[in-house]
Amino acid sequence: MLKKYDIWIKEFMDSWKQLDWERTLQTLDKNVKYYENPIDEPCKDFNEVISLWNVVADNQKDIEYTYQIVAYNEETCIINWQMTRVMTKTNIKQEIDGIFQVSLNDNGKCTLFKQWRFTR
């Protein structure tokens, strides 16, 4: 079980680092409950998720990341991740520390995605 979460987060983060947002989307089930912010409503459909990700290649670069799986069970995995990136429009380097809560289906696709993140 841990291995499937590790495979998922590595593919999710590697595709993000490579600015391959279409590949990132392939880690998600088309019916994913996707919370960009955990206190807001989830995206209403997959097209809204696409809209969040299709700007990544244009607005960020020089991504480096680390992650650690903090807890998991059959239904849910909690992942702590850190990232540095440069925002292309401002050339400002950001540091992010975040948490993902994910659930995966039998095909290894994410069916629930929530994130909490703090940017400096």
Between [X] and [Y], is any pair of side-chain heavy atoms under 4.5 Å apart?
{"X": "E75", "Y": "L112", "answer": "no"}
{"X": "K4", "Y": "I7", "answer": "no"}
{"X": "Q101", "Y": "Y35", "answer": "no"}
{"X": "F118", "Y": "I99", "answer": "no"}
{"X": "V55", "Y": "W21", "answer": "no"}
{"X": "N80", "Y": "D97", "answer": "yes"}

* Among R85, K17, K93, the one residue meeting salt bridge (Lys or Arg N to Asp or Glu O under 4.0 Å) with E64 ->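 Only one option passes, and that is K17.
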* Asked: Which is it for I69 and C77 under the side-chain contact (heavy atoms from CB on, under 4.5 Å) test, yes or no, and what are the steps along the way?
  -> CA-CA 7 Å; I69 294 176; C77 182; 3.6 Å; yes
* Hey, what's the ring geometry for F12 with F113, parallel, tilted or perpendicular (30° and 60° as the breaks)? ->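 Taking F113 first and then F12, their aromatic rings sit tilted (interplane angle of 30° to 60°).
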* Any idea how W16 and F100 line up, ring-wise: parallel (<30°), tilted (30 to 60°), or perpendicular (>60°)? ->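 Ring orientation of W16 relative to F100: tilted.
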* Not counting sequence neighbours, which residues clear side chain to side chain contact (heavy atoms under 4.5 Å, CB included) with N107? List them please. =>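 Residues passing side chain to side chain contact (heavy atoms under 4.5 Å, CB included) with N107: N105, K109.
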* For D62, check side chain to side chain contact (heavy atoms under 4.5 Å, CB included) against everything at least two apart and list the hits. =>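 If we apply the side chain to side chain contact (heavy atoms under 4.5 Å, CB included) test to D62, skipping adjacent residues, the hits are V86.
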* Are E36 and R117 close enough for a salt bridge, meaning some N to O gap below 4.0 Å? ->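 Answer for the salt bridge query: yes.
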Heavy-atom pair of closest approach, residues [X] and [Y]:
{"X": "N59", "Y": "M87", "answer": "O-CE, 3.2 Å"}
{"X": "D29", "Y": "T111", "answer": "CB-CG2, 4.0 Å"}
{"X": "Y65", "Y": "K10", "answer": "OH-O, 3.9 Å"}

* Any donor-acceptor pair under 3.5 Å linking the side chain of N47 with the backbone of I50? ->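 Flag not set: sc N47 to bb I50 has no pair under 3.5 Å.
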* Tell me whether L28 is reachable from I78 by hopping between hydrophobic residues (I, L, V, M, F, W, Y) whose side-chain heavy atoms are closer than 4.5 Å. =>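 No: no chain of side-chain contacts under 4.5 Å links I78 to L28.
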* Asked: Side-chain heavy atoms under 4.5 angstrom apart, residues restricted to Ile, Leu, Val, Met, Phe, Trp, Tyr: same cluster for V32 and L52?
  ->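 Looking at the clustering, L52 is in the same group as V32.
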* To do: Run through C110, C43, P42 and flag the one making a side chain to side chain contact (heavy atoms under 4.5 Å, CB included) with Y34.
  =>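 Running side chain to side chain contact (heavy atoms under 4.5 Å, CB included) over C110, C43, P42 with Y34 returns exactly one hit, C43.
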* Asked: Can you name the side-chain hydrogen bond (donor to acceptor under 3.5 Å, both in side chains) partners of Q26, sequence neighbours left out?
  ->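 side-chain hydrogen bond (donor to acceptor under 3.5 Å, both in side chains) check on Q26 returns nothing, list empty.
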* Asked: At what distance, to the nearest 0.5 angstrom, does CH2 of W81 lie from CE of M13?
  ->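 The CH2 atom of W81 sits 5.5 Å away from the CE atom of M13.
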* Using a cut-off of 6.0 Å, state whether more than 12 heavy atoms not belonging to I39 lie near its atom CD1. =>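 Atom CD1 in I39 is not crowded, with 12 or fewer foreign heavy atoms closer than 6.0 Å.
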